[in-house]
Amino acid sequence: MTPAELSQAVQAAVSAAVEAGELAVAVPEHVTVERPKNRDHGDYATNVALQLAKPAGMPPRAVAELLAARLRETTGVAKVDIAGPGFLNITLDAAAQGLLARTVVEAGQAYGRNEALKGLKINLEFVSANPTGPIHIGGVRWAAVGDSLARVLRATGADVTTEYYLNDAGVQITKFARSLQAVANGKPVPEDGYVGEYIGDIAKAITDGVPGVLDLPEDEQLQVFRAEGLKLMVAEIKRSMEEFGVHFDTWFSEKSLHESGAVEQAIDRLREQGHVFDQDGAIWLRTTDFGDDKDRVLIKADGETTYFAADAAYYLSKRDRGSEVSVYMLGADHHGYVNRLKAIAACAGDDMDRNIEVRIGQFVKMLRDGQEVRLSKRAGNIITIDDVVDWIGVDAARYMLARSSTDSTITIDIDLVTSQSNENPVFYVQYAHTRMCGVARKAAELGVDKGAAEDFKPELLATQWESDMLGALGEFPRVIATAGELREPHRVARYLEDLAGKYHRLYENCMFLPKGDEELTDTHRARLWLVEATRTVLANGLTLLGVSAPERM
RNA sequence: GCGCUCAUAGCUCAACGGAUAGAGCACUUGACUACGGAUCAAGAGGUUGCAGGUUCGAAUCCUGCUGAGCGCACCA
């Protein structure tokens with residue numbers, strides 16, 4: 001019996017009580033059934049009686065009594081206790097619980113997928129770092145979290161488009177081009193330019209790739225460095241993202257918004273909605289109508305469009321391309337943008353509480369020799385995505401960055417992670433997976449297997465360790481659904497750590513294979529189903545995080 | 001000055017308003033002639049920054065305070 005099925009059973013118990021006239025409430029659309037932390041509280045617990053007590057005008061425990069009586073009649077339910085203020089503690093019979101192992105194995109890679117967000121069209125934008133340098137550690141966090149979130153959302157049935165917004169127009173690119181040009185000509189980079197080895201590398205690639213570029217007039221030369229530098233830098237970013245296991249469906253060019261007239265069209269559309277006004281020679285969007293602390297300029301008095309105007313056009317582009325929910329993942333230094341971005345959606349006539357989500361994530365702090373390493377894209381000693389991968393590898397990097405809530409600043413001690421990578425939780429989880437594969441290898445060696453599905457005896461999975469394991473396996477679909485709904489992929493990582501721990505304990509306490517001259521028993525076979533089910537969930541979960549599930553380490 | 005975010009064990013971090021706040025690491029003590037010991041068991045470690053409030057129930061929600069990070073352009 002899965003938690004979802006149990007939840008329906010509880011709901012049915014409420015319905016039955018209502019129909020019998022014993023309970024005067026509206027039947028809740030969804031009943032929460034959860035694994036209690038304390039196993040003395042049964043396999044599952046529900047607080048539904050506490051929640052219905054007030055509307056029913058009855059004491060919580062009286063409501064609980066009504067429901068408990070009906071639940072005890074439910075197939076697969078072994079015991080129902082009423083505890084504390086009115087919790088219902090439900091214990092399943094071993095067979096009903098054990099059946100889950102076969103369910104999981106038979107579902108395979110599909111186990112855990114659900115339809116919590118079925119059909120929802122989501123545009124998920126993340127990283128979007130300026131193409132004026134390599135991706136630095138902050139961007140790496142969004143790459144890990146954003147890509148995992150995309151995978152999680154897809155597992156909940158959402159139709160997700162991942163997108164990288166390339167700021168390929170504007171003065172930063174010009175500064176970048178001037179820096180390349182200066183270095184190529186053996187001159188010092190301008191005061192406000194970009195420095196770092198990569199500037200020299202790209203400059204050299206351009207002078208090598210475009211013979212005679214240095215003989216061109218200065219203006220033409222700059223154009224070459226701008227165009228070629230941008231191309232090379234974007235290619236470099238794409239390469240590092242792909243190597244990190246992160247794929248973007250769309251690389252969206254800011255410049256294209258300006259060149260196609262999309263920015264002007266966007267302003268016209270916002271004007272039609274009545275939120276655009278002229279003042280002091282500039283054209284403004286009245287974002288203060290929707291919670292922004294000041295109105296924003298779209299077109300400056302000198303006729304130039306602002307970056308904000310491009311933001312507006314970009315949002316409308318996402319909308320025009322079918323996005324129902326546009327999710328922006330921004331760094332903490334962009335929190336001031338939340339209100340103005342949401343106001344764009346509202347000014348366009350959209351629901352700013354549904355059609356747009358701006359998620360702010362905190363920074364990653366890097367320590368080396370006990371000192372914080374300051375991150376500056378313009379400084380030479382930046383920590384890039386390639387540095388991180390070199391030090392700790394893609395798996396550990398992705399896992400470490402994705403296992404924490406983006407609300408928390410996280411601190412990564414480079415010395416610790418590089419010198420003692422065994423302490424990394426990802427190894428704990430991956431090791432559990434290799435152990436399960438080891439069991440399968442050993443079974444093959446012994447020439448035994450878990451047997452046919454119809455011979456599986458779920459009631460033999462009856463020890464506390466097996467029960468714990470089965471309970472955890474049953475949670476997986478809900479973990480994914482919650483992670484998707486809350487946009488918090490770190491929940492998957494935490495779940496896997498718990499699952500791995502339960503497996504390690506199961507391993508210590510239950511033999512899966514016969515030893516010595518023993519015969520393979522039905523208990524062994526049932527446990528082999530459980531091991532295979534656990535391996536399936538662990539592998540599925542690691543895939544959602546973009547982390548490999550190794551057979552050997 | 002105004003605003004946003006954060007504050008949980010020695011460290012790094014969890015905890016859809018639920019029961020005794022949990023993991024990993026580090027520390028102490030144990031466990032390998034069995035499926036991989038990169039493991040497990042036990043122990044120790046907390047006034048969830050402070051003070052109020054709402055609630056049957058608060059780390060979680062509200063108010064105030066303290067501390068930290070960040071942001072407040074006709075820049076991009």
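Letters A, B, ... are given to chains in the order of the sequence lines, protein chains preceding strands, and every chain is numbered from 1. These numbers were taken from a predicted model, which means no experiment stands behind them.
- The CG-P distance, from L446(A) to G36(B), rounds to 10 Å in whole Å.
- A donor N or O paired with an acceptor N or O is found under 3.5 Å between the base of G18(B) and the side-chain atoms of N47(A).
- Under 4.0 angstrom from either OP1 or OP2 of A38(B) there lies no side-chain N or O belonging to R435(A).
- A14(B) has no base stacking with the ring of H490(A) when judged by centroids under 5.5 angstrom apart and an interplanar angle below 30°.
- Going from the P atom of G18(B) to that of U60(B) covers 11 Å, rounded to whole Å.
- When each of A76(B), G36(B), C74(B) is scored by its nearest atom to the side-chain atoms of R340(A), the top-ranked nucleotide is A76(B).
- Put simply, F87(A) does not rest on the base of G18(B): the two rings are not both less than 5.5 Å apart at their centres and under 30° in tilt.
- A salt bridge links R527(A) with E466(A): the distance from a Lys NZ or Arg NE/NH1/NH2 to an Asp or Glu carboxylate oxygen falls below 4.0 Å.
- A salt bridge is defined here as a Lys NZ or Arg NE, NH1 or NH2 lying under 4.0 Å from an Asp or Glu carboxylate O, and E532(A) with R535(A) meets this definition.
- Spacing between U8(B) and G49(B) at atom P, rounded to whole Å, works out to 6 Å.
- The pair E497(A)-R403(A) meets the salt-bridge criterion, since a charged nitrogen lies less than 4.0 angstrom from a carboxylate oxygen.
- Distances were taken from every side-chain heavy atom of Y431(A) (C-beta onward) to each of A76(B), C74(B), A38(B); the shortest belongs to A38(B).
- For A38(B), neither phosphate oxygen OP1 nor OP2 lies less than 4.0 angstrom from any side-chain nitrogen or oxygen of H504(A).
- In terms of polar N and O atoms assigned as donor or acceptor, the side chain of D498(A) never comes within less than 3.5 Å of the base of A14(B) in a complementary pairing.
- Phosphate contact (OP1/OP2 of A15(B), side-chain N/O of R491(A), threshold under 4.0 Å): present.
- N89(A) comes within 4.0 angstrom of a nucleotide base, judged by non-hydrogen atoms across all strands.
- Counting to the nearest Å, the P atom of G69(B) and the CD atom of Q362(A) are 13 Å from each other.
- The NE2 atom of H433(A) sits 18 Å away from the P atom of A38(B) (whole-angstrom rounding).
- Listed nucleotides: A38(B), C75(B), A19(B). Nearest to the side chain of A83(A): A19(B).
- Comparing atom distances between the R505(A) side chain and each of G18(B), A41(B), C70(B) picks out A41(B) as nearest.
- Across all strands shown, the partner of A23(B) is U12(B), judged by Watson-Crick or G-U wobble contacts whose two distances both fall under 3.5 Å.
- Atom C1' of G17(B) sits at a distance of 7 Å from the matching atom of A58(B), rounded to the whole Å.
- The side chain of S408(A) places an N or O atom within less than 4.0 Å of a non-bridging phosphate oxygen (OP1 or OP2) of A14(B).
- Nearest nucleotide to the R552(A) side chain, out of G36(B), A76(B), A41(B): G36(B).
- Distance from the side chain of T32(A) is smallest for C16(B) among the nucleotides A19(B), C35(B), C16(B).
- When each of I283(A), D295(A), L298(A) is checked for a side-chain contact (heavy atoms from CB on, under 4.5 Å) with F277(A), only D295(A) meets the rule.
- Distances shown here put every side-chain N or O of R441(A) at or beyond 4.0 Å from the OP1 or OP2 atom of G36(B).
- Of the side-chain N and O atoms in K54(A), one or more sit less than 4.0 angstrom from OP1 or OP2 of C56(B).
- A51(B) and U66(B) have their P atoms separated by 15 Å, given to the nearest Å.
- Atom CD of E508(A) is separated from atom P of A42(B) by 12 Å (rounded to the nearest Å).
- In terms of polar N and O atoms assigned as donor or acceptor, the side chain of H334(A) never comes within less than 3.5 Å of the base of G71(B) in a complementary pairing.
- You'll find that the side chain of M511(A) is closest to C35(B), out of C74(B), C35(B), A76(B).
- In this structure, H433(A) has its ring center no closer than 6.0 Å to that of Y503(A).
- Ring centroids of H334(A) and Y328(A) are separated by 6.0 Å or more, keeping the two rings apart.
- Proximity of K294(A) to the phosphate of G3(B): no side-chain N or O atom is located under 4.0 Å from OP1 or OP2.
- The phosphate of C16(B) has neither OP1 nor OP2 within less than 4.0 Å of any side-chain N or O from Y495(A).
- Comparing the same atom, C1', in G67(B) and in C40(B) gives a spacing of 41 Å after rounding to whole Å.
- You'll find that the side chain of P36(A) is closest to A19(B), out of C74(B), A76(B), A19(B).
- Taking atom C1' in both A76(B) and G64(B), the straight-line distance is 38 Å, to the nearest Å.
- For W251(A) and Y164(A), the ring centers sit closer than 6.0 Å to each other.
- Separation of atoms OG1 (T305(A)) and NZ (K300(A)) is listed at 8.0 Å; rounding is to 0.5 Å.
- Each of A301(A) and H41(A) was assigned the nucleotide of RNA chain B with the nearest heavy atom; the assignment lying further toward the 5' end belongs to H41(A).
- Rounded to a whole Å, the CZ atom of F427(A) is 17 Å from the C1' atom of G37(B).
- Taking 3.5 Å as the limit, the base of A38(B) and the side chain of Y507(A) contain no donor-acceptor pair of atoms between them.
- R505(A) and E508(A) are not joined by a salt bridge, as no carboxylate oxygen comes within less than 4.0 angstrom of a charged side-chain nitrogen.
- Comparing atom distances between the D333(A) side chain and each of C70(B), A34(B), C74(B) picks out C70(B) as nearest.
- U55(B): no Watson-Crick or G-U partner with both key distances under 3.5 Å is found in any strand.
- The partner of U5(B), taking Watson-Crick or G-U wobble pairs whose two distances both stay under 3.5 Å, is A68(B).
- On the C1' atoms, U63(B) is 29 Å away from A9(B), given to the nearest whole Å.
- Rounded to whole angstrom, the span from the CZ atom of R141(A) across to the P atom of U5(B) amounts to 16 Å.
- Rounded to a whole Å, the CD1 atom of I410(A) is 22 Å from the P atom of A23(B).
- Of all nucleotides listed (G36(B), C40(B), A34(B)), C40(B) comes nearest to the side chain of Y428(A).
- Judged by distance alone with a 3.5 Å cut-off, a donor-acceptor contact links the side chain of E34(A) to the base of C16(B).
- Rounded to the nearest Å, the gap between the P atom of A7(B) and that of A44(B) is 28 Å.
- Comparing Y337(A) and K442(A) along RNA chain B, the residue whose closest nucleotide (by nearest heavy atom) sits nearer the 5' end is K442(A).
- In this structure, E497(A) atom CD and C25(B) atom P are separated by 10 Å, rounded to whole Å.
- In this structure, the ring of Y314(A) has its center less than 6.0 angstrom from the ring center of F252(A).
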